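Quick caveat, the model's predicted, so the values are computed rather than measured. To find a chain, count down the sequence lines: A is the first, B the second, and so on, and within it residues start at 1. Computation of the quantities below employed the complete heavy-atom set of this structure, encompassing side-chain atoms and omitting hydrogens, waters and symmetry-equivalent molecules.
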Amino acid sequence: MAAKKPDVPTTPSLDFEKPIVELENKIRELEQLAQQSQMDLTTEIRPLKELREKLLRQIYTHLTPWQMVRLARHPNRPLTSDYVQLMFDDVIELHGDRAFGDDRAILTALARIGDERVMLIAHRKGKTTEERMAANWGCAHPEGYRKALLKMKLAEKFGLPLVTLINTPGAYPGIGAEERGQAAAIAKNILEMSRLRVPVVSVVIGEGGSGGALGIGVCDRLLMLEYSYYSVISPEGCAAILWKDGDKAEQAATALKITSRDLMALGLVDEVVPEPLGGAHRDHFKTALSLRDRILAALKNLKSMPMDRLIEARYERYRWIGNGDELTQQVKRARLRGGRPEVVAKSEP
Amino acid sequence: MAWVRFRKKDMPGGLWTKCPSCGEMIFSKELLENFKICKKCSFHMNTTVDERVLFTCDVDTFDELYTDLAPVDRLQFVDKGSYGDKLKATAKKAGRLEAMTIGYGRVLGRECVLGVMNFQFLGGSMGVVVGEKVTIAVEMALERRVPLVLVCSSGGARMHEGALSLMQMAKTCAALARFADAGGLYVSILTDPTTGGVTASFATMADVILAEPNALIGFAGPRVIQNTIRQELPEGFQRSEFLLSRGQLDRIVRRDEIPQTLFRLFEYLVPVAPEQIVAPARPRFEASTNGHDSSDKAEKAAKDKSGSRLPAEEGAEAGKDEKKKKKK
């Protein structure tokens, strides 16, 4: 693992972070001053640090869904490239879909995590403007999904478990993407992942944007970082359609139930991985460390299952997904009646 | 995702219907007997679920099942109104509880499972119950070892059910993977419009993908694309013909040729013994009073032909093909 880097931002990028960042800047100034002038300012700094802690706790325990969406998109939030450095070793990137191109929005690579050899498939957003442009801001094209599928098949052939990191606003909506079959590329991945004969662990590390996320997200264990979101549509998109007003994204974010805790309650997520106080962007190292542990635990558990049982369990997981007990029971009862509706005893008129 | 609201003025009603494309006034009964295709410009008008069943299956063969599965507002979703209220109002208007109708039916005598999406029901969007019914349709086809036909028309996943809707993409595709492993034949028919999570799941995972002419088919809606790339979209973009030219479809099929096409595909890919083909008991359309019901006559004529393995309409179609060849 690489050494710890300073991750703390010096300018607030989110309004609700402003008091914290201001305080942090003050603390840093004092610390620098203490260093330069060889003065002991501990008594001045300590109350500020305590205040910072208190403020963080205050703000971060009462985040609204919309604030969490904005944290998931925070410019300093750890990205795939950070996790590659902090969580994985001996990474060999494998490029290209061998048909059209090499989509930089999805990274596919052989990687080691702990003692495990895995195939890593991850959305890539990029840090610099140049990288972001190359990765198309994390919006993959069909060739990205086809590359991912090709590498999944490679992993299956040689028995390597799959680890996928999800962080995309959505699959790219463009002319070329449509011409080359964006929808079919995603559908194909979803279908093939449902029967892929290796364990699959997926983690939403930031944005889980709809089909573009699910295209590398059909799995045996779904983990979500605390302040990531997973949604059928972006809050802005939903607001534009249902409220006819893109500014209603805040309401949409609440209505859509897209936070890690909401999705856990709905039974779609297996595990919420807590982030350090103040969010993953305040401590990349700590975030990566705890995520790594959770991924390794999930892999260990899945690898202990016989393959046929693993595949059957994955099928059952998705067969009834979203139903809730009531609908599932209703369908099972209806099957016994050959799909005929329940006969309700009626008194003769 | 972006489902378009069905406009009331497009609903057929009354004796005459105006073609939304060329403006031709067409006698409604005649329009129905022409599979709701404009005789002048061949525009394919929207169909109701019952019309689609009529245009696809043999008369009185469709056995609709799982009619009592109703969507539930699990998120307690509220936008300008509550989703629960919206569901009630929509179900009342549609006469069905969900946007997906499934059942066993016969197409020119061949048994199959038919699923029909209803665009008038919240934009044909896929919520949990739609995903569930698609999956049940797959299981029904698997159980009875018959072909599966899904007529798709949808704006995508249903926003009101959040990520639960999204997961239906995985549910349906997982079931289709099993169906494919068991050697089942699945034909999808993409109609205007089919977009979003439905295109990005079961609609495009068919063995044979058919589309009606000029249907809007895509992943993202054209408006979303235009807002993203900020340039004019090419002429005919995301229409069936465009998709065919880009290699995304197997065939474009006129609505009145769908039954014959399905039958021929069934007979090529999963043929059955002739005694398993049950000739339609009645013609698709009741005898017409205005006397120019050609398809009806053709059906009857074909039925009279003895020794033909092809049932009524198929025979008629084969006859037409021969005529065309002679002309050439």
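- For the set A:R335, A:E326, A:E192, the entry with the most heavy-atom pairs within less than 4.5 Å of chain B is A:R335.
- Taking the side chain as every heavy atom from C-beta outward, B:F77 and A:L242 approach each other to under 4.5 Å.
- In this structure, no portion of B:Y83 lies under 4.5 Å from any heavy atom of chain A.
- For A:A185, no part lies near chain B; criterion is any non-hydrogen pair under 4.5 Å.
- Between chain A and the residues B:S165, B:P234, B:A170, B:A70, the most heavy-atom pairs under 4.5 angstrom are made by B:A170.
- The greatest number of non-hydrogen atom pairs below 4.5 Å with chain A, out of B:D68, B:I217, B:T204, is found for B:D68.
- For chain B, the option among A:T328, A:I186, A:L256, A:N323 with the highest count of heavy-atom pairs below 4.5 Å is A:N323.
- The number of heavy-atom neighbours closer than 6.0 Å to CE of A:M305, taken from other residues, nucleotides and ligands shown, is above 12.
- Counting all heavy atoms, side chain and backbone alike, A:P173 lies closest to B:A220 at CB-CB, 3.5 Å.
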(request) Start with the C-alpha gap between B:L69 and A:L327, add the side-chain angles, then the distance that decides, and say whether side chain to side chain contact (heavy atoms under 4.5 Å, CB included) holds. (result) CA-CA 8 Å; B:L69 299 186; A:L327 179 62; 4.2 Å; yes
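- If you take OH on A:Y318 and OG1 on B:T172, they are separated by 12.0 Å, rounding to the nearest 0.5 Å.
- The neighbour count for A:K332 NZ, taken as heavy atoms of other residues, nucleotides or ligands under 6.0 Å away, is above 12.
- In this structure, chain A has heavy atoms under 4.5 Å from both the backbone and the side chain of B:Y66.
- Within the 4.5 angstrom heavy-atom criterion, atoms from both the backbone and the side chain of A:L266 approach chain B.
- Using a 4.0 Å cut-off between charged side-chain N and carboxylate O, A:R319 and B:E132 make a salt bridge.
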(request) Kindly determine whether A:Y230 and B:M167 satisfy side chain to side chain contact (heavy atoms under 4.5 Å, CB included), including the steps that lead there. (result) CA-CA 11 Å; A:Y230 200 173; B:M167 293 303 149; 3.8 Å; yes
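- Heavy-atom neighbours of A:R98 CZ from other residues, nucleotides or ligands within 6.0 Å: at or below the threshold of 12.
- With values rounded to the nearest 0.5 angstrom, B:F219 atom CZ is found 6.0 Å from A:S210 atom OG.
- Interface summary for chain B: among A:E178, A:R314, A:Q182, the most heavy-atom pairs under 4.5 angstrom belong to A:E178.
- Residue with the most contacts toward chain A among B:M140, B:Q238, B:K80, B:R74: B:R74 (heavy-atom pairs, distance under 4.5 Å).
- The line from CZ of B:F202 to CD1 of A:I190 is 12.0 Å long, rounded to the nearest 0.5 Å.
- In this structure, the separation between CZ on B:F242 and CD1 on A:I175 is 7.5 Å, given to the nearest 0.5 Å.
- Heavy atoms closer than 4.5 Å to chain A are found nowhere in B:N227, neither backbone nor side chain.
- Considering only heavy-atom pairs separated by less than 4.5 Å from chain A, the leading option among B:A177, B:A163, B:A180 is B:A177.
- Side chain of A:K257 to backbone of B:L75: a donor-acceptor contact under 3.5 angstrom is found.
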(request) For the pair A:S231 and B:L166, evaluate side chain to side chain contact (heavy atoms under 4.5 Å, CB included) and give the outcome as yes or no after the intermediate values. (result) CA-CA 8 Å; A:S231 181; B:L166 182 68; over 6 Å; no
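- Here the shortest heavy-atom pairing between A:W243 and B:V78 reads CZ2-O, 3.6 Å.
- In this structure, CG in A:L263 is found 8.0 Å from CG in B:L164, a value given to the nearest 0.5 Å.
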(message) Run A:W320 and B:V128 through side chain to side chain contact (heavy atoms under 4.5 Å, CB included) and show every step you take.
(response) CA-CA 9 Å; A:W320 306 106; B:V128 172; over 6 Å; no
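- Within a 6.0 Å radius of CG in B:D181, other residues, nucleotides and ligands contribute more than 12 heavy atoms.
- Using modelled atom types, no side-chain atom of A:E179 and backbone atom of B:R246 make a donor-acceptor pair closer than 3.5 Å.
- At distances below 3.5 Å, at least one donor-acceptor pair connects side-chain atoms of B:Q168 with backbone N or O atoms of A:I321.
- In terms of modelled atom types and a separation under 3.5 Å, the side chain of A:Q251 and the main chain of B:D79 share no donor-acceptor contact.
- Residue contact with chain A, scored on non-hydrogen atoms closer than 4.5 Å, involves the side chain of B:E139 exclusively.
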